[in-house]
2 protein chains.
Amino acid sequence: MSKPTRAQQRVLDFIQAEVHAGRPIPTLREIAAQFGFRSHRAAACHLEALKRKGLIESEPGKARSLRVISPLAKLRSRILDIPLFGSIPAGFAREREPEAEGCVSVDIESIGFRPTRNTFALRVTGDSMIGRHILDGDVVVLEHGPEPRHGDIVAALIDGESTLKTFLQRSGKPYLKAENPKYPDLMPAQELMIQGVFKALIRRAKE
Amino acid sequence: MSKPTRAQQRVLDFIQAEVHAGRPIPTLREIAAQFGFRSHRAAACHLEALKRKGLIESEPGKARSLRVISPLAKLRSRILDIPLFGSIPAGFAREREPEAEGCVSVDIESIGFRPTRNTFALRVTGDSMIGRHILDGDVVVLEHGPEPRHGDIVAALIDGESTLKTFLQRSGKPYLKAENPKYPDLMPAQELMIQGVFKALIRRAKE
DNA sequence: TACATTACTATCCAAATGGATAGTCTATTT
DNA sequence: AAATAGACTATCCATTTGGATAGTAATGTA
């Protein structure tokens with residue numbers, strides 16, 4: 001697996017840029033046009049070289065069947081899009097996608113579980129969970145549905161706002177606890193809407 | 001944007017499965033073959049319906065130019081593959097990719113910065129940074145190269161192991177500090193190899 | 001200098017491909 | 001009973017596309 005020449009690298013970069021931009025994989029003629037080649041053969045030569053060097057592969061005869069072989073792509077597991085909400089409405093409707101404010105995309109491996117349709121993300125505001133090492137600005141990934149167990153971190157709807165709390169059971173009764181001495185300690189989880197159980201977290205460094 | 005019929009949904013699922021499997025987008029005839037249609041027109045009809053319903057789009061006349069429009073895909077920003085190391089060798093060679101143990105894939109938005117070739121990830125072992133809310137098992141994303149500033153979290157190579165420390169400057173001299181009373185407090189950062197500055201973190205819930 | 005590699009131009013061809021026309025069959029709705 | 005929409009067959013055609021052949025020019029490099 002040797003290195004591509006400069007010209008070959010430019011072709012490779014172009015292909016990757018097109019894929020990243022969501023466009024279909026370029027054809028020989030599209031590549032030729034991009035670089036001003038008057039013959040698509042020139043592009044074909046570069047692709048042949050890239051194939052010899054193990055950087056791309058394609059299925060012979062098939063249109064737009066190029067595939068860029070990145071060393072990391074082999075290791076990469078499936079990527080998932082998780083909707084990110086500012087706060088979740090009470091009903092947690094099935095038709096949640098249109099309301100999403102953003103999107104968190106992570107691979108399964110990093111996030112450690114297989115998201116379902118009931119997986120969503122929230123941006124944490126406030127430091128009520130600092131005792132469990134969740135900070136203001138963190139994005140938490142939650143799963144709606146499963147019954148929380150003692151000690152799980154959950155998102156609950158309190159006064160129309162989603163807030164994170166620790167879910168506890170004391171002699172059979174469920175309670176919610178904030179992990180910060182500044183906040184009221186326990187509150188009954190009876191009428192409260194449990195929206196999801198903590199599954200994963202993404203934090204970015206403060207700039 | 002109405003809903004697809006059952007047959008249309010099956011076609012849509014097939015297309016997504018193919019893309020997901022890393023294969024090129026299927027052609028009309030490939031779709032027809034998959035479902036046993038004797039005419040590729042049948043597949044074309046389904047695709048037309050899916051287009052009307054706003055679920056896919058394509059560039060007319062172009063081979064394999066289908067694109068599945070997911071509501072979340074619109075919100076999704078560019079995804080990046082960051083190599084994940086167990087521990088980093090001292091030299092931090094340019095040719096780091098073959099040595100990667102895994103791969104963290106996240107979108108730019110979630111991670112909050114634009115990774116470069118010098119971006120990499122490490123799995124944290126130990127609780128030396130618990131005071132900065134970084135736990136055992138967390139994956140940290142770091143950037144190699146930039147001069148750390150006072151208070152930055154950095155990965156440093158100590159005794160052949162990468163460990164996280166807080167970077168401090170006391171009267172001009174750089175020091176490293178563990179954020180856990182169990183660990184020795186300060187050590188001079190003179191001969192130590194600073195491998196990267198903390199940029200982001202991914203944590204998965206303990207099962 | 002001779003030779004190999006890279007980087008192209010110019011054409012040609014057959015297969016792959018999207019798209020169009022015309023029609024059948026079958027549920028479901030009106 | 002009539003109308004409508006979905007699902008499909010059978011063909012035809014113009015482009016698009018990958019691949020092949022043949023050749024030119026520049027740049028190393030042994």
Side-chain angles (χ1 to χ4, degrees), chain A residues 1-70, chain B residues 1-70:
Chain A
M1 193 124 103
S2 52
K3 281 196 183 59
T5 64
R6 179 168 300 234
Q8 287 161 10
Q9 184 64 51
R10 281 170 63 217
V11 170
L12 187 60
D13 289 344
F14 170 62
I15 296 167
Q16 284 185 298
E18 288 296 296
V19 172
H20 272 303
R23 285 188 283 273
I25 292 148
T27 63
L28 293 178
R29 282 164 181 86
E30 283 166 0
I31 294 170
Q34 168 69 19
F35 294 101
F37 302 157
R38 304 216 188 150
S39 168
H40 65 271
R41 188 77 249 277
C45 279
H46 288 141
L47 296 188
E48 280 163 16
L50 289 167
K51 273 177 209 169
R52 276 200 307 277
K53 294 175 182 180
L55 296 164
I56 59 172
E57 61 181 16
S58 71
E59 293 166 59
K62 278 194 181 178
R64 300 178 190 275
S65 64
L66 279 180
R67 211 173 319 170
V68 177
I69 307 185
S70 124
Chain B
M1 192 127 101
S2 52
K3 282 196 181 55
T5 65
R6 179 167 300 234
Q8 287 160 11
Q9 184 64 54
R10 281 170 60 216
V11 171
L12 187 59
D13 288 344
F14 171 62
I15 296 166
Q16 285 184 298
E18 288 295 296
V19 171
H20 169 108
R23 285 187 284 271
I25 292 147
T27 63
L28 292 179
R29 284 163 180 88
E30 284 166 359
I31 295 170
Q34 168 70 19
F35 294 102
F37 303 157
R38 304 215 188 151
S39 167
H40 65 269
R41 187 80 251 276
C45 279
H46 288 142
L47 295 187
E48 279 163 17
L50 288 166
K51 273 176 207 168
R52 277 200 306 278
K53 293 175 183 181
L55 296 164
I56 58 172
E57 61 182 15
S58 71
E59 293 165 60
K62 278 193 182 178
R64 301 180 190 271
S65 64
L66 279 180
R67 211 173 319 172
V68 177
I69 307 185
S70 118

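Here is the naming used below: chain letters follow the sequence lines, and residue numbers restart at 1 for every chain.
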Interatomic distance, [X] [atom1] vs [N] [atom2] [rounded to whole Å]:
| X | N | atom1 | atom2 | result |
| --- | --- | --- | --- | --- |
| B:Phe35 | D:dC8 | CZ | C1' | 14 Å |
| A:Arg52 | C:dA7 | CZ | P | 10 Å |
| B:Ile31 | C:dT17 | CD1 | C1' | 12 Å |
| B:Leu66 | C:dT17 | CG | P | 12 Å |

Annotated protein contacts, base or backbone, on nucleotides 23-30 of chain C with a non-hydrogen cut-off under 4.0 Å, one of B, S, - each = --------
B/S/- along nucleotides 13-21 of chain D (protein heavy atoms under 4.0 Å) is ---SBBBBB
Applying salt bridge (Lys or Arg N to Asp or Glu O under 4.0 Å), name anything that partners A:Arg67, two or more places apart in sequence or on another chain.
->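 In terms of salt bridge (Lys or Arg N to Asp or Glu O under 4.0 Å), with neighbours along the sequence ignored, A:Arg67 is linked to A:Glu57, A:Glu59.
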Nearest atoms (heavy-atom pairs only) where [X] meets [Y]:
| X | Y | answer |
| --- | --- | --- |
| B:Ile56 | B:Leu47 | CD1-O, 3.6 Å |
| A:Leu50 | A:Pro4 | CD2-CB, 4.0 Å |
| B:Thr5 | B:Lys53 | N-NZ, 3.9 Å |
| A:Ala32 | A:Ala43 | N-CB, 4.1 Å |

Could you pull out all residues at least two apart from [X] that satisfy side chain to side chain donor-acceptor pair (under 3.5 Å)?
| X | answer |
| --- | --- |
| B:Gln9 | B:Asp13 |
| A:Ser58 | A:Lys51 |
| A:Ser65 | none |

With sequence neighbours excluded, give me every salt bridge (Lys or Arg N to Asp or Glu O under 4.0 Å) pair touching residues 24-36 of chain B.
->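 Every salt bridge (Lys or Arg N to Asp or Glu O under 4.0 Å) pair that includes a residue of residues 24-36 of chain B, provided the two are not neighbours, is A:Lys62-B:Glu30, B:Glu30-B:Arg64.
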Using a cut-off of less than 4.0 Å, is there contact between a side-chain N or O of A:His46 and OP1 or OP2 of C:dA7?
-> yes
With sequence neighbours left out, what residues match A:Phe35 under ring pair (Phe, Tyr, Trp, His ring centres under 6.0 Å)?
-> A:Phe14, A:Phe37
So the side chain to side chain donor-acceptor pair (under 3.5 Å) pairs with at least one residue in residues 33-46 of chain B (sequence neighbours excluded) are B:Arg41-B:Glu48
For the residue pair B:Val68 and B:Val19, establish whether any side-chain heavy-atom pair is separated by less than 4.5 Å.
-> no
Per the under-4.0 Å heavy-atom filter, residues of residues 5-15 of chain A near DNA chain D come out as none
From A:Leu28 CG over to A:Leu66 CG, what is the distance, rounded to the nearest 0.5 angstrom?
->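 Answer rounded to 0.5 Å: 7.5 Å.
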For the helix from C:dT1-D:dA30 to C:dT30-D:dA1, figure out the bend between the end axes, five pairs an end, and round to 10 degrees.
-> 30°
